[in-house]
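Below: one structure, written as C-alpha cells.
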Amino acid sequence: GAGVSQTPSNKVTEKGKYVELRCDPISGHTALYWYRQSLGQGPEFLIYFQGTGAADDSGLPNDRFFAVRPEGSVSTLKIQRTERGDSAVYLCASSSLPEETQYFGPGTRLLVL
Amino acid sequence: GQSLEQPSEVTAVEGAIVQINCTYQTSGFYGLSWYQQHDGGAPTFLSYNALDGLEETGRFSSFLSRSDSYGYLLLQELQMKDSASYFCAIRGNQGGKLIFGQGTELSVKP
C-alpha cells in the first residue's frame, strides 16, 4: 500500500513569510508525528496527534509553529514569520497505534532565505 | 531528560560484519528502535527491542540490555548499499514520540 507522503518536497521562502507543510499518513494509522531534522543530526520531535487531537506538542519550539489534523488523517504543519533558523527537513511519520512502529515520509526540505 | 549516544562514523569493508553501539539515559523506557537513512531519504525502520536480548531480521540484528542502558545494531555480510546513516531511538514514557541519537554514518568500502 501507499506509504506516508509529504508535500511539497522542497520549499524555499523568504524570512518573515508563512508556510504550510502537508502530510498524508498511511491509511488507517491513527497516530501521526512531526519531526524536524537538521543536517548531520537525528530527527527532533515536534508534535504528535492521536486522532484529531494533539496528544503531545512539547517539541514545538515556539508559538510560531502550529499543527492541525482536523479529520484525523491529513495533517498540516504551519510556520508563521519564518526565520532562517527554521531551515531544515520536516519529517512526518505515522503508526497504527502510538506504541507501534513509526513509518516516515520523505520529508519537506524547507529553506528560509 | 533523555539522551542517546552513538559513534558518529564507522567504516567497514564489503562482506564484513559491523556493530553500531548505542547507550541511552532515560527516566522511562518503552523500547529501542533502529532506523536507516540514506542521503536525502526517509528514515526506514530496521528493528525494535522491547525486551532484553537479540532480535534478528535477515542480515540485521539488534540487541538490548536494559540493565546496562545499552544496545547495538549488527549488520552482517555488508553490501555497498548499506552505506547510510543509522539512528537508534527510544520511546519514552510519554506517548509515542521517539527520541533519536545523533546518528552513525556507515561507510562500506569495496
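Below, chain A is the first sequence line, B the second, and so on; all start at residue 1.
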* Under a single-linkage definition using a 4.5 Å side-chain heavy-atom cutoff for Ile, Leu, Val, Met, Phe, Trp and Tyr, are Phe63(B) and Leu75(B) assigned to the same hydrophobic cluster? -> no
* Asked: Looking only at heavy atoms, which of residues 67-92 of chain A get nearer than 4.5 Å to chain B?
  -> Leu91(A)
* Close approach to chain B in residues 9-38 of chain A, criterion heavy atom under 4.5 Å -> Tyr33(A), Tyr35(A), Gln37(A)
* To do: Could you tell me whether the side chain of Asp56(A) and the main chain of Tyr48(A) form a donor-acceptor pair under 3.5 Å?
  => no
* If you count heavy-atom pairs under 4.5 Å between each of Gly103(B), Ala42(B), Gly101(B) and chain A, which one has the most? -> Ala42(B)
* Structure fact -> Max heavy-atom pairs within cutoff under 4.5 Å with chain A, candidates Ala50(B), Gly40(B), Ala89(B), goes to Gly40(B)
* Structure fact -> For Pro43(A) and Pro43(B) the tightest heavy-atom approach is CG-CG, 4.5 Å
* To do: Considering non-hydrogen atoms only, spot the tightest contact between Ala54(A) and Ile47(A) and give its length.
  => CB-CD1, 3.9 Å
* Using non-hydrogen atoms and a 4.5 Å limit, figure out which bit of Gln37(B) sits close to chain A: side chain, backbone, both or neither. => side chain
* To do: Could you tell me which portion of Phe45(B) (side chain, backbone, both or neither) has an atom closer than 4.5 angstrom to a non-hydrogen atom of chain A?
  => side chain
Determine whether [X] and [Y] make a side-chain contact, defined as any pair of heavy atoms from C-beta on separated by less than 4.5 Å.
| X | Y | answer |
| --- | --- | --- |
| Glu77(B) | Gln79(B) | no |
| Glu9(B) | Ser107(B) | no |
| Leu32(B) | Cys88(B) | yes |

* To do: Name the region of Ser58(A), side chain, backbone, both or neither, that has any atom closer than 4.5 Å to a heavy atom of chain B.
  => side chain
* Tell me, yes or no, whether the heavy-atom count around Phe66(A) atom CZ, taken from other residues, nucleotides or ligands under 6.0 Å, exceeds 12. => no
* Does CD in Glu5(B) sit with more than 12 non-hydrogen atoms of other residues, nucleotides or ligands closer than 6.0 Å? -> no
* **Aromatic ring proximity, centroids under 6.0 angstrom, Tyr35(B) and Phe87(B)** => no
* **Candidate list Asn21(B), Thr23(B), Thr104(B), test side chain to side chain donor-acceptor pair (under 3.5 Å), partner Gln6(B), passing option** => Thr104(B)
* Pair Thr26(B), Gln2(B): side-chain N/O donor-acceptor within cut-off below 3.5 Å -> yes
